[in-house]
Amino acid sequence: MSAPAHPDSTDLDRLHSAVKREKEDLAPESQPAPLGAIFLLFLVAIIAGSQLGPMTGGWTFEVSNPFSLAKGGDPRPTKEGEGGAADPFAKAMKKGAAGYAVCGGCHQGNGGGLPGQFPPLDGSEYVLGGTERLIRIVQHGLTGPVTVKGQGFNTPGGMQAFGATMSSEDLANVLTFVRNTWSNKGSMITKEMVAKVREEEKRSTQWTAPELEPFAKKDVPGEVPGAAAAPAAK
Ligand code: HEC
């Protein structure tokens, strides 16, 4: 083929092929909707929408808004709630409550004990006194006469030792629980404190109340985790 006669003819070819690519107009007689009609439709929609609220018994967006802060507050867990769950004291109390099942059979669920048989833990000077005496009691048991809240007890066989069957952590949790349940309010006992007494205390027999007198007011030293963040500080 020879070169095009006119320099524009290539542009014309390209233009025509572009036009030929276009789809056929299937309805050449239809017209776009008049702007006035579209405007009128919008107006009707806006007025109708504004009537929705008053005419549906006071429906507002807030009624079905799951994130509404207006009523009942945000249902999602708060920072405070998360902190509570992670708080070492709250955790120890929860585990200790479950562990107390071991003690509850004798000392009762309400910590009141049974007259003449099992001494009470609620309000007991042995529970609320020095943590060292309390740890020693559960570790190796107690036998012989004991006076708790003015009542004398001397149950044959006394109380067994729990040091061999319960870990330092289990004992710490149960003791934290009994020191902070019913009317009791006391410091937390950690597994490190129990372990410390366990290491120092070498004996194979149950304690007697008089033997423990020197530890009556003695607290096992040790840090209480998260003490600064504990909600109990209130
Ligand atoms: C089988 C019954 C029994 C079980 C189980 C038992 N205890 Fe005791 N507990 C006794 C008896 C009986 C005494 C009194 C011993 C005595 O007469 O010297 C006592 C005394 C005590 C005392 C000192 C007195 C007082 O009331 O404060 C404490 C503290 C104590 N128990 C805590 C516990 C804890 C904590 C547990 C669970 C880990 C537990 N006991 C499980 C029977 C039991």
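Order of listing sets the numbers, starting from 1, for every ligand and every atom in it.
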Next item on the list: Start with the C-alpha gap between R203 and E211, add the side-chain angles, then the distance that decides, and say whether salt bridge (Lys or Arg N to Asp or Glu O under 4.0 Å) holds.
Entry: CA-CA 12 Å; R203 70 184 279 134; E211 275 182 312; 3.3 Å; yes
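- In summary, the atoms of ligand 1 found under 4.0 Å from a heavy atom of Y126, numbered by their order in the structure, are 23 (C), 27 (O).
- Protein N/O/S atoms closer than 2.8 Å to atom 8 (Fe) of ligand 1: H107 NE2, M159 SD.
- Using a 4.0 Å cut-off between charged nitrogen and carboxylate oxygen, E132 and K217 do not count as a salt-bridge pair.
- Residue-ligand proximity, T143 to ligand 1, at heavy-atom distances under 4.0 Å covers atoms 18 (O).
- The T155 neighbourhood of ligand 1 comprises atoms 12 (C), 17 (O), with distances under 4.0 Å to a heavy atom of that residue.
- Here the side chains of M193 and I135 are in contact, with some heavy-atom distance below 4.5 Å.
- Residue pairs meeting the salt bridge (charged side-chain N to carboxylate O under 4.0 Å, His left out) criterion with at least one member in residues 36-48: none, sequence neighbours excluded.
- Backbone and side-chain nitrogen or oxygen atoms of S124 are examined, and one is located within less than 3.5 angstrom of a nitrogen or oxygen of ligand 1.
- No more than 12 heavy-atom neighbours from other residues, nucleotides or ligands sit within 6.0 angstrom of CD on E223.
- Of all the atoms in ligand 1, the ones that sit under 4.0 Å from a non-hydrogen atom of V146 are 16 (C), 17 (O), 18 (O).
- Residue P119 is tested with H107, Q151, M159 for a side chain to side chain contact (heavy atoms under 4.5 Å, CB included); the sole match is H107.
- Residues V146 and F162 share a hydrophobic cluster, clusters being chains of Ile/Leu/Val/Met/Phe/Trp/Tyr side chains in contact below 4.5 Å.
- The ring of W182 has its center closer than 6.0 angstrom to the ring center of Y100.
- In the displayed structure, L35 atom CG is contacted under 6.0 Å by at most 12 heavy atoms of other residues, nucleotides or ligands.
- In this structure, K196 pairs ionically with E200, as a charged nitrogen and a carboxylate oxygen lie closer than 4.0 Å.
- For atom 29 (C) of ligand 1, the nearest non-hydrogen atom of the protein is L134 CD1, 3.5 Å.
- Inclusion of G144 in the set of residues having an N or O under 3.5 Å from an N or O of ligand 1 is warranted.
- Between R136 and E201 there is a salt bridge, since a side-chain N of the basic residue sits under 4.0 Å from a carboxylate O of the acidic one.
- For atom 24 (C) of ligand 1, the nearest non-hydrogen atom from the set V148, L128, L212, T147 comes from V148.
- Residue Q117 places a heavy atom less than 4.0 Å from ligand 1.
- Proximity of P120 to ligand 1 is established by a heavy-atom distance of less than 4.0 Å.
- Atoms of ligand 1 found under 4.0 Å from any heavy atom of V102, numbered from 1 in the order shown, are 5 (C).
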